[in-house]
Amino acid sequence: MADEQSDSRGEARQSFFAKQQLINAARAAFQQLSAIARNASLYPLAHPFLLTSADKLRNTIEDLLLGRKEVAFYMVHGELFFETLSVPVDQSLALLMEQFTDKGVGGIVFKPGLVSTELISLARLMNNDPSFFTGQGGLIDAIAHEGIEHMELHRVLLVDKKAGGAIKEGKKKASEVFQDAIDAVKEMVEAVHLDRTTKMRKMNTVVQTMVDNILDNRDALMGLTSIKMYDEYTFAHSVNTAILAISLGTYLSFEKNQIAALGVAALMHDIGKVNVPNAVINKPGKLTEEEWQLVKRHPIEGALLLSDVPGVSKLAMVAAFEHHQHNDAFGYPKVDGDLRQHPFSQIVSLADAYEALTAARVYYSVQMPPDEAVRILLAKRGPTFNAVMVKAFVNMIGIFPIGTLLKLDTGESGLVMHQTRDLMRPRVLMLDKFDGTEKETGNEISLLETAGGNYKRTVTGIINPYAAGINIKQYLA
Ligand SMILES: [Fe+2]
Ligand SMILES: [Fe+2]
């Protein structure tokens, strides 16, 4: 088993590095494109600087084209994607992306046969004002007129009311997936001592759908985790934890089958609680020492329950056992020797903690706002949580996670709907009042918007939606 595990860890490491290499190459391509665009505005068409930078990019694209029919980049809400990989964006890349978005371009596809002069033509076109293209069908049609054959531009995927239909549909699907997952966990919990094989099959299917859904639109399902349910807390907690864990797995570019195993592990992490009396699990207020000892057994109970379920990855058992162990192994259950949490356990324990911190429980009148929970995770990196994982988690979820209600310096307020490249400047849905009868204004805007070189709106604080009597569910579900 030790060999088997180190093998699979070795493979995971290899595929992780392969992905990182791909991300780096994709990033280099975009940086080179930005260099060409800059050079095209400074030097004449046949200048060696311009030609050299175009040749460099052509080489990078050719490398990326090995084993591919085309090399496609997409820009979605200020994020850059190469295939399904998220590419980190710095200031200069963000600027180039804005230039594309301003011209209505949301995707660039390079095809085999690409020549350097085509790249220079694109760069020259890029340097025109968006108004230059009015009446010519925009930059997208302009490249055809220029005779650029080995490149295709795609339109921006608008995430606003114009594309409302498509987005609403995505969200509806997300909430169905969420409900399916709750039902599956419920059934699994009820049947834990009975026929687990069938239940596990259903669980795997549900998790697969969750993974597909999150790969499709991470924000839609993550938005749902900010809606807390009072009545079905335990189930909702497991499902939310799974959504967050799967999201982090996709963010870290894990393989799809690894992400699915991680999802199952996260859904099942607290299964051991079925062997702890309900009165103790749901007890409001402080537990007695005896009760606390019972609660602390749930990782062991969980690992035991999962140890002999056919069709469930052993990693689910490991994650159940280790999810309260902490990064320094000073959590519970106590173990001898130098235990280091498996990365799956690190992810599950982070997702679990964030979920629990922001959860609404029957006996808490006030729920912790997501940004405060993020601050707590940051404060606990090192001893409790793996620091690298915390960093990735915070980058993914944002300083103002989806569902956070923000106070803006214009006197307006907005509900966070998507993250952008700037953690302090998400896309928000503008709301018009705070008494529970509020209406969405229909405007989803980005806090990255500027006017005359200054940001139009800046966050000045956070409004607690529960205290303000706002039901954020209607906007996110
Ligand atoms: Fe737990
Ligand atoms: Fe938990």
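Both backbone and side-chain heavy atoms feed into the values below; hydrogens, waters and symmetry mates do not. Each ligand, and each atom within it, is numbered from 1 in the order the structure gives.
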Chemist: How wide is the angle at the Fe ion (ligand 2) between OD1 in Asp352 and NE2 in His237, to the nearest 10°?
Modeler: 80°
Chemist: Between Asp270 and His237, is there a side-chain donor-acceptor contact under 3.5 Å, judged purely by atom types and distance?
Modeler: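 The answer is yes; a qualifying pair exists.
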Chemist: If we ignore hydrogens and angles and just use 3.5 Å, is the side chain of Gln346 paired with the main-chain N or O of His326 as donor and acceptor?
Modeler: no
Chemist: Do Glu291 and Thr288 have side-chain N/O donor and acceptor atoms under 3.5 Å apart?
Modeler: yes
Chemist: Please report whether the ring centroid of His269 lies less than 6.0 Å from that of His324.
Modeler: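 Ring centroids of His324 and His269 are no less than 6.0 Å from each other.
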Chemist: Using only N, O or S atoms, tell me which atom of Asp270 is closest to the Fe ion (ligand 1).
Modeler: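 That would be atom OD1.
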Chemist: Only to 10 degrees, please: what angle do the NE2 atom of His323 and the NE2 atom of His324 make about the Fe ion (ligand 1)?
Modeler: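 Output for this angle: 80°, rounded to tens.
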